[in-house]
2 protein chains.
Amino acid sequence: MSIRNPKQALYEQFAIVAKALGHPLRLEMIEHLAQGARSVEVLAAKLARPVANISQHLQALRRAGIVSAERDGKFVHYSLADDSVLSAFAAVRGVAERQLAEVDRIVRGYFDARDDMQPVTRRELRRLMRDGLVTLIDVRPADEFALGHVPGAINVPLGKVRAWSADAAIGREIVAYCRGPWCVMSFEAVAALRALGHSARRLEDGMPEWKAAGLPVEVAA
Amino acid sequence: MSIRNPKQALYEQFAIVAKALGHPLRLEMIEHLAQGARSVEVLAAKLARPVANISQHLQALRRAGIVSAERDGKFVHYSLADDSVLSAFAAVRGVAERQLAEVDRIVRGYFDARDDMQPVTRRELRRLMRDGLVTLIDVRPADEFALGHVPGAINVPLGKVRAWSADAAIGREIVAYCRGPWCVMSFEAVAALRALGHSARRLEDGMPEWKAAGLPVEVAA
DNA sequence: CCGTCATTCAATGGAATAATTGAATGACGG
DNA sequence: CCGTCATTCAATTATTCCATTGAATGACGG
């Protein structure tokens, strides 16, 4: 280890954190961990990756102080070290959104830019929910829903949206949310619902942001 | 280029930004650019690095949408693309501060933890300045001071602190600030002033944060 | 105490990144 | 149009990072 002055040493520490965020798979892992603690195996299954690979990335995230590990018998449960990680994730996303035309292109391309994709804000959703004007669906898998969801939301995992919507009244607006502002599950849910003649919109972002905003969260018994 | 789904493509875009932040030298460059636009040559001189090296890092930052370039005759002036970059920098710093014991160790080690290093908050500084209770010094180089400084601050570049303090009254408190919360110049200024018998403290952070907080900035004529 | 299972470690090869050097571009002044 | 200067590009080497594989660790259940 070469001798460094304190200033360089500090920048190196900051760079360790940023570097750990600088890999698509690790970012995806963080977004999953933002939904709740996960074991290595479960995370590997969710991301369809070899367990050893996920384990190594988790080590990298742990070295950077981004995730923390807790042993529970044979299992090791990983979770985000604290809320500052979500802030950093959101800030990086913010730079990308504002500066990289590519992000805009991807999002628009995904939805074909065919009609208004104006998302519902958290504030607006709270008002609509209070007045009973909309049906709120959480399109994440059941296990993530169980760990915490918006009060009043119904869990309709993405694969079941079509079947569920058969029983829903046409005309009543549906709002969908999932893991975060770029989580594609809510995009797909809204697209499917609209194709079936429903009025549907996305919440502007997802569960981690809802919780980070200090809004109430309901946990399954 | 392999075929990717939109979700992966988005994570890749986000990773580009984080990866660009994941190098100590680039972080230091960002902190300098946060003080104002700089040409490649000036930046290289400030960081004591070969021009070509800085140029390449600037290209990397530009590809990530972090800095923008503006040609002015023979010179190219680089500056931060927008304020979201400062947010991202601060967020990464926040993770490092909270999670990496190493950061704390470095800062403490730098000051030997011998007495209270409680910094002055922005709010407190504004009150002290309004009541005329402190002398505020900006220890950055003169060119950075000229591009914007806290109203009422005196520019005392680090190398001149000792000479300047000879004329300062003992007993009146001095507050020093520079480029940001980890900028070591203010640490050194405070250490030097205290060694000379003055009462001195640091502002909690520096110029970019002051500006980002929407507080008034004074620019040299 | 032994088998099983979740996780981590170690070693490999291949890809990306970084610093350095020297040459190439592009704009200004004469 | 030519020399100068700021900047960028290209090529090289050393380093680091990444995915994969198979073996090692550590804890539980019998």
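Comparing D/dT7, C/dT8, D/dG26 by their closest approach to the side chain of A/V51 singles out C/dT8. If you check C/dT20, C/dC9, D/dC5 against the side chain of A/A52, the one that comes closest is C/dC9. Here C/dC5 is the nucleotide among D/dA6, D/dT7, C/dC5 with the atom lying nearest to any side-chain atom of A/K74. The listed nucleotides are C/dA19, D/dT20, C/dT7; the one nearest the side chain of A/F75 is C/dT7.
Shown here, C/dA10 forms a base pair with D/dT21; the pair counts as Watson-Crick or G-U wobble because both key distances fall under 3.5 Å. Using Watson-Crick or G-U wobble geometry with both donor-acceptor distances under 3.5 Å, C/dG26 finds its partner in D/dC5. Summarising the base pairing, D/dT16 is matched to C/dA15 through a Watson-Crick or G-U wobble pair whose two defining distances lie under 3.5 Å.
In this structure, A/N53 atom CG and C/dA11 atom P are separated by 19 Å, rounded to whole Å. For the pair A/R62 CZ and C/dT8 C1', the interatomic distance rounds to 10 Å; values are reported in whole Å. To the nearest angstrom, P of C/dA15 lies 19 Å from CG of A/L25. Rounded to a whole Å, the NE2 atom of B/H77 is 12 Å from the C1' atom of D/dT7. Atom CZ in B/R38 sits about 13 Å away from atom P in D/dT7, given to the nearest Å. We find that CD1 of A/I54 is positioned 11 Å from C1' of D/dA19, with the value rounded to whole Å. Residue B/R63 contributes atom CZ, which lies 13 Å from atom P of C/dA16 at whole-angstrom precision. Straight-line distance from the CZ atom of B/R71 to the P atom of C/dG26: 9 Å, rounded to whole Å.
Between A/K211 and A/E218, no side-chain nitrogen of the basic residue sits less than 4.0 Å from a carboxylate oxygen of the acidic one, so the salt-bridge criterion is not met. Taking the charged nitrogens against the carboxylate oxygens, A/R38 and A/E144 do have a contact shorter than 4.0 Å, which makes a salt bridge. Salt-bridge formation is detected for the pair B/R93/B/E209: a Lys NZ or Arg NE/NH1/NH2 atom is positioned less than 4.0 Å from an Asp or Glu carboxylate oxygen.
For the side chain to side chain contact (heavy atoms under 4.5 Å, CB included) with B/H57, the qualifying choice from B/V67, B/L43, B/V40, B/L25 is B/L25, the only one to do so.
Residue B/Y78 has a polar side-chain atom (N or O) positioned under 4.0 Å from OP1 or OP2 of D/dT8. Taking side-chain N and O atoms only, B/R26 has a distance below 4.0 Å to OP1 or OP2 of C/dA18. Applying the 4.0 Å criterion to OP1 and OP2 of D/dC18, one finds that A/Q56 has every side-chain N and O outside that range. Not one side-chain nitrogen or oxygen of B/H23 sits closer than 4.0 Å to the OP1 or OP2 atom of D/dT15. One finds a side-chain N or O of B/H57 lying less than 4.0 angstrom from the OP1 or OP2 phosphate oxygen of C/dA19. Proximity of A/S55 to the phosphate of C/dT8: a side-chain N or O atom is located under 4.0 Å from OP1 or OP2.
Looking only at atom types and distance, the side chain of A/Q35 has no donor-acceptor partner in the side chain of A/R179 under 3.5 Å away.
Between A/W182 and B/F14, the ring planes are tilted. Angles from 30° to 60° get that label.
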